[in-house]
Trainee: 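The structure's right below; bear with me while I get my questions together.
Everything numeric in this text was worked out from a predicted model, so none of it was measured. Note: hydrogens, waters and symmetry copies are ignored here, and every other heavy atom, side chains too, is used. For reference, positions follow the sequence shown, starting with 1.
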Amino acid sequence: MAKLPDETITSVLNLQRRLLEGIDAAKAAESAIFEQFGETNITATVLDQLQNSAERLREPYSRLYTLLLRIAEAQPIASDAMLDLLYRSIEQGQAALDASSASVQEAKRDWNIL
């Protein structure tokens, strides 16, 4: 494997875990709203927003997984372009997670979902 600093690997794996947790939170809120209120004209928007929140987190999760795998296969070192893409993907994944978390918290607060 092309050598990455331990803190970079830890950061990516922690971010992947948090992305999964974010997907779970969005889907759980979506499910709770659907179960309690059904799919109506009033809930349709929030249900779509929650589904979109989960979808926005799948892409960075998948990208990080793919990049780590490609870096592991790169020998003897990963290209600068690949490493740059990894670091940008970490930043983008964190931004997507922050935005999704805010959307989920807002939906839960608006619909009184605990």
Side-chain angles (χ1 to χ4, degrees):
M1 168 166 155
K3 189 66 176 153
L4 286 175
D6 287 342
E7 59 270 5
T8 300
I9 294 170
T10 300
S11 175
V12 170
L13 295 175
N14 284 336
L15 180 55
Q16 283 183 302
R17 180 187 49 78
R18 293 190 341 253
L19 289 166
L20 285 174
E21 290 170 350
I23 292 167
D24 179 64
K27 297 307 279 183
E30 179 185 3
S31 178
I33 291 170
F34 180 77
E35 290 292 322
Q36 288 185 22
F37 304 102
E39 187 169 356
T40 66
N41 289 338
I42 298 170
T43 61
T45 300
V46 73
L47 293 173
D48 284 343
Q49 288 172 344
L50 290 168
Q51 184 175 12
N52 290 339
S53 289
E55 300 241 353
R56 282 193 310 267
L57 298 179
R58 281 187 197 113
E59 184 179 332
Y61 177 87
S62 186
R63 184 181 314 123
L64 288 168
Y65 170 82
T66 301
L67 282 168
L68 274 183
L69 183 58
R70 290 197 177 143
I71 290 169
E73 295 172 342
Q75 293 299 324
I77 61 171
S79 69
D80 288 340
M82 192 179 296
L83 295 174
D84 186 51
L85 184 56
L86 176 66
Y87 292 116
R88 281 187 292 147
S89 295
I90 292 170
E91 290 174 8
Q92 291 168 352
Q94 184 60 54
L97 185 60
D98 293 343
S100 176
S101 178
S103 294
V104 169
Q105 291 305 316
E106 180 181 358
K108 289 170 71 173
R109 187 175 45 254
D110 289 349
W111 290 90
N112 202 25
I113 303 296
L114 304 174

Trainee: With rounding to the nearest 0.5 Å, note down the distance linking CZ in Arg63 to CD in Glu59.
Mentor: 4.5 Å
Trainee: Is there a side chain to side chain contact (heavy atoms under 4.5 Å, CB included) between Leu64 and Leu19 once you walk through the steps?
Mentor: CA-CA 10 Å; Leu64 288 168; Leu19 289 166; 4.0 Å; yes
Trainee: Taking all atoms of both residues into account, what is the closest heavy-atom pair of Trp111 and Val46, and its distance?
Mentor: NE1-CG1, 3.5 Å
Trainee: What's the shortest heavy-atom distance between Phe34 and Leu47, and which atoms?
Mentor: N-CD2, 4.0 Å
Trainee: Measuring from atom OG of Ser100 to atom CZ of Arg58, what distance do you get when rounded to the nearest 0.5 angstrom?
Mentor: 10.5 Å
Trainee: Would you check if Leu57 and Ser53 make a side-chain contact, meaning some heavy-atom pair closer than 4.5 Å?
Mentor: no
Trainee: Between the main-chain N or O of Leu85 and the side-chain N or O of Ser89, is there a donor-acceptor pair closer than 3.5 Å?
Mentor: yes
Trainee: Would you find more than 12 non-hydrogen atoms of other residues, nucleotides or ligands less than 6.0 Å from Tyr65 atom OH?
Mentor: no
Trainee: Output the distance between atom CG (Asn112) and atom CD1 (Ile33), rounded to the nearest 0.5 Å.
Mentor: 10.5 Å
Trainee: Mind listing the closest non-hydrogen atom pair of Gly38 and Thr43 along with its distance?
Mentor: O-OG1, 2.8 Å
Trainee: In Å and rounded to the nearest 0.5 Å, what is the CD to CG distance from Glu91 to Leu86?
Mentor: 10.5 Å
Trainee: Which heavy-atom pair separates Arg56 from Pro60 by the least distance, and what is that distance?
Mentor: O-CD, 2.9 Å
Trainee: Given side chains that start at C-beta, do those of Val12 and Leu4 come closer than 4.5 Å, heavy atoms only?
Mentor: no
Trainee: Determine whether Leu68 and Leu13 make a side-chain contact, defined as any pair of heavy atoms from C-beta on separated by less than 4.5 Å.
Mentor: yes
Trainee: Tell me if a side-chain donor or acceptor on Asn52 pairs with a main-chain N or O of Asp48 at a distance below 3.5 Å.
Mentor: yes
Trainee: Could you tell me whether Glu30 and Lys27 make a salt bridge, using a distance below 4.0 angstrom between a side-chain N and a carboxylate O?
Mentor: yes
Trainee: Is it the case that one hydrophobic cluster holds both Leu69 and Tyr87, taking links as side-chain heavy atoms less than 4.5 Å apart, direct or via other members?
Mentor: no
Trainee: For Ser11 and Glu7, indicate whether the former's side chain and the latter's backbone hold a donor-acceptor pair under 3.5 Å.
Mentor: no
Trainee: So, for Leu50 and Ala107, which heavy atoms are closest and what is the spacing to 0.1 Å?
Mentor: CD2-CB, 3.9 Å
Trainee: Rounded to the nearest 0.5 Å, how far does CD1 of Ile71 lie from OG1 of Thr66?
Mentor: 11.0 Å
Trainee: Please report the interatomic distance CD(Glu35) to CD1(Ile113), rounded to the nearest 0.5 Å.
Mentor: 10.5 Å
Trainee: Of all the heavy-atom pairs spanning Val104 and Ala29, show the shortest one and how long it is.
Mentor: CG1-CB, 4.3 Å
Trainee: Should we say atom CG of Asp80 is surrounded by more than 12 heavy atoms from elsewhere, each under 6.0 Å from it?
Mentor: no
